[in-house]
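Counting convention: from 1, in listed order, for ligands and their atoms alike.
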Amino acid sequence: MVRGFFVACSMVRSREIMPKEMEQNVSNDPVVAIVGVTGAVGAEFIATMDRRGFRVGKLKALASARSSGKTVSFRGERVVIEELTEHSFDDVDITLFSAGGSISRKFAPIAVKAGAVVVDNSSAFRMDPSVPLVIPEINANRIRDHKGIIANPNCAAITALVPLWPIHQKNRIKRVIISTYQAASGAGAAAMDELVESTRANLNGQLYTPKVMPHPYAFNLFSHNTAIDPETGYNDEETKVIKETRKIFEDDRIAVGVTCVRVPVLRAHCEAVTFECEKPVSEDQVRSLLAVAPGVKIVDDRAKNYFPMPVDASGQDDVLVGRIRKDLSDPSGHSISMFVAADQLLKGAALNAVQIAELLPERVMA
Ligand code: NAP
């Protein structure tokens, strides 16, 4: 899908003779658009592409009309933000979407029609059977099945599944129970601001009326701020983790129980994870598997009581895993409990999406 409009360098003799539309990309590298470039994830797309040396011929920075004309910095250059419109994708090869489900539903098909490959961070297409739902450490092979859109999974799902996968491959996990401790950053830049501002107001003895979150956030925690299904009692975040686990593991029988909670942490999600395997499983087996698992770092120092924490996970690519121990509520020896932490703006969003984009065959061809 990377099309013939890449300008072959050898054909271009000087900038003076280049047609105007070619001026910005004289390399064979793809034109990359970021939709939602001003958001919490958008900022991490830029930083992640930069530090991983992702080859970009030209960056197109897209956001709402509110941001039009402002600039973002990419590799030392100021890039002017444009308002997202139906014509934004005419010269684009790869588009990273991170502006919410309704924007993705409307504009991702337009981007695909214009010839771009879309990596979408929203939940809009995740459960569409024709859309691969990819964590590269688990199912990178699914990328080749895409028909224009590849979905990035939910951040709470990614955080649990990266370390569960190597175990599941050796000794099938029959059942997993997950309790999340989710940071403000998972709800976007405005939620992070609200946590800071409400904490400051609280410390100054001032009243603060929540604008983004449904409940007071400073010195409080609450059930995840997505809609609750009145019949099941599960919120949307929990339902996403259940469904996405089955799709990514390609295992409809895996039993998943989840409780998602928002905690007053600025960045990086934590999760308590207990899983039951088909065959007996020991702490040592789990430690050995995780010691060599891609995208996982063991942080498990019982002597120092040092385990995964959001402050350590923030800014890190790996999912930190610790408190690996036998689940004493299962005397059969089939169950293990552990505690994980991951920067959900990185592995839960921007990093995972850039990893997918790095593996696109279209990009290799470029
Ligand atoms: P955010 O900080 O609130 O940013 C939202 C972005 O969307 C901003 O760049 C905003 O641009 C843009 N936007 C809003 N309305 C728009 C419109 N009409 N047209 C074009 N752009 C528009 O949110 P976020 O945390 O980055 O999350 C964005 C998406 O990623 C959501 O779908 C979220 O579910 C998903 N996601 C987030 C995380 C996470 O950890 N935060 C993890 C996984 C997936 P303006 O600044 O111009 O308004």
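- Proximity to Ala63 (heavy-atom distance under 4.0 Å) selects the following atoms of ligand 1: 11 (O), 20 (C), 21 (N), 47 (O).
- The closest side-chain heavy-atom distance from Lys70 to Thr38 is not below 4.5 Å.
- Within ligand 1, the atoms closer than 4.0 Å to a non-hydrogen atom of Gly100 are 29 (C), 31 (C), 32 (O), numbered from 1 in the order shown.
- For the residue pair Thr159/Gln344, the side-chain donor-acceptor check at 3.5 Å is not satisfied.
- Asn139 places no side-chain N or O within 3.5 Å of a backbone atom of Asn141 that could act as its donor or acceptor partner.
- Between Lys60 and Glu83, no side-chain nitrogen of the basic residue sits less than 4.0 Å from a carboxylate oxygen of the acidic one, so the salt-bridge criterion is not met.
- Close approach of ligand 1 to Ser67 is summarised as follows: ligand atoms under 4.0 Å from at least one heavy atom of the residue are 45 (P), 46 (O), 47 (O).
- With a heavy-atom cut-off of 4.0 Å, Asn121 touches ligand 1 through backbone and side chain alike.
- Distances between N or O atoms of Ile103 and those of ligand 1 include no value under 3.5 Å.
- One finds a salt bridge joining Arg172 and Asp251 here, because a Lys/Arg side-chain nitrogen approaches an Asp/Glu carboxylate oxygen to under 4.0 Å.
- Of all the atoms in ligand 1, the ones that sit under 4.0 Å from a non-hydrogen atom of Val37 are 9 (O).
- Counting atoms of ligand 1 from 1 in the listed order, those under 4.0 Å from a heavy atom of Arg66 are 14 (C), 15 (N), 48 (O).
- Considering both main-chain and side-chain atoms, Cys155 never comes within under 3.5 Å of ligand 1 through any nitrogen or oxygen pair.
- Protein non-hydrogen atoms do not reach within 4.0 Å of atom 34 (O) of ligand 1.
- In this structure a side-chain-to-backbone donor-acceptor pair under 3.5 Å is missing from Thr95 to Val118.
- Ranking protein heavy atoms by distance to atom 16 (C) of ligand 1, first place goes to Ser64 CB, 3.7 Å.
- Checking side-chain atoms of Glu276 against main-chain N and O of His334 turns up no donor-acceptor pair under 3.5 Å.
- Contact check on Arg51 versus Asp317 returns a salt bridge, with a Lys/Arg side-chain nitrogen under 4.0 Å from an Asp/Glu carboxylate oxygen.
- For atom 44 (C) of ligand 1, a protein non-hydrogen atom is found at a distance below 4.0 Å.
- Inspection of the Asp312 and Tyr306 side chains reveals an N or O donor paired with an N or O acceptor under 3.5 Å.
- If you check which protein heavy atom lies closest to atom 40 (O) of ligand 1, you get Gln344 NE2, 3.0 Å.
- A donor-acceptor pair is defined here as one N or O able to donate and one able to accept, closer than 3.5 Å; no such pair exists between the side chain of Glu358 and the backbone of Phe54.
- At the shortest separation from atom 4 (O) of ligand 1 among protein heavy atoms lies Gly39 CA, 3.2 Å.
- Each of the following atoms of ligand 1 lies closer than 4.0 Å to a heavy atom of Thr38: 8 (C), 9 (O), 10 (C), 11 (O), 45 (P), 46 (O), 47 (O).
- Considering both main-chain and side-chain atoms, Ser98 comes within under 3.5 Å of ligand 1 through a nitrogen or oxygen pair.
- Salt bridge annotation for Lys247-Asp252: absent, with no cationic side-chain nitrogen under 4.0 angstrom from a carboxylate oxygen.
- For atom 25 (O) of ligand 1, the closest heavy atom belonging to the protein is Gly188 CA, 3.1 Å.
- Under the 3.5 Å distance criterion, the side-chain polar atoms of Arg267 are left unmatched by any main-chain donor or acceptor of Pro310.
- Val41 N, 2.9 Å is the protein heavy atom nearest to atom 26 (O) of ligand 1.
- In the vicinity of Ser185, heavy-atom distances shorter than 4.0 Å reach the ligand 1 atoms 39 (C), 40 (O), 41 (N).
- The closest protein non-hydrogen atom to atom 42 (C) of ligand 1 is Ala349 CB, 3.5 Å.
- In terms of protein heavy atoms, atom 13 (N) of ligand 1 is closest to Ala99 CB, 3.9 Å.
- Between Pro153 and ligand 1, no pair of N/O atoms sits closer than 3.5 Å.
- Listed by atom number, the atoms of ligand 1 under 4.0 Å from Leu345 heavy atoms are 39 (C), 40 (O), 41 (N).
- For ligand 1, one of its N or O atoms has an N or O atom of Ala40 under 3.5 Å away.
- Contact check on Lys113 versus Glu86 returns no salt bridge, with no Lys/Arg side-chain nitrogen under 4.0 Å from an Asp/Glu carboxylate oxygen.
- Seen from the ring of Phe339, Arg323 does not count as a face-on cation partner, given the 6.0 Å and 45° thresholds.
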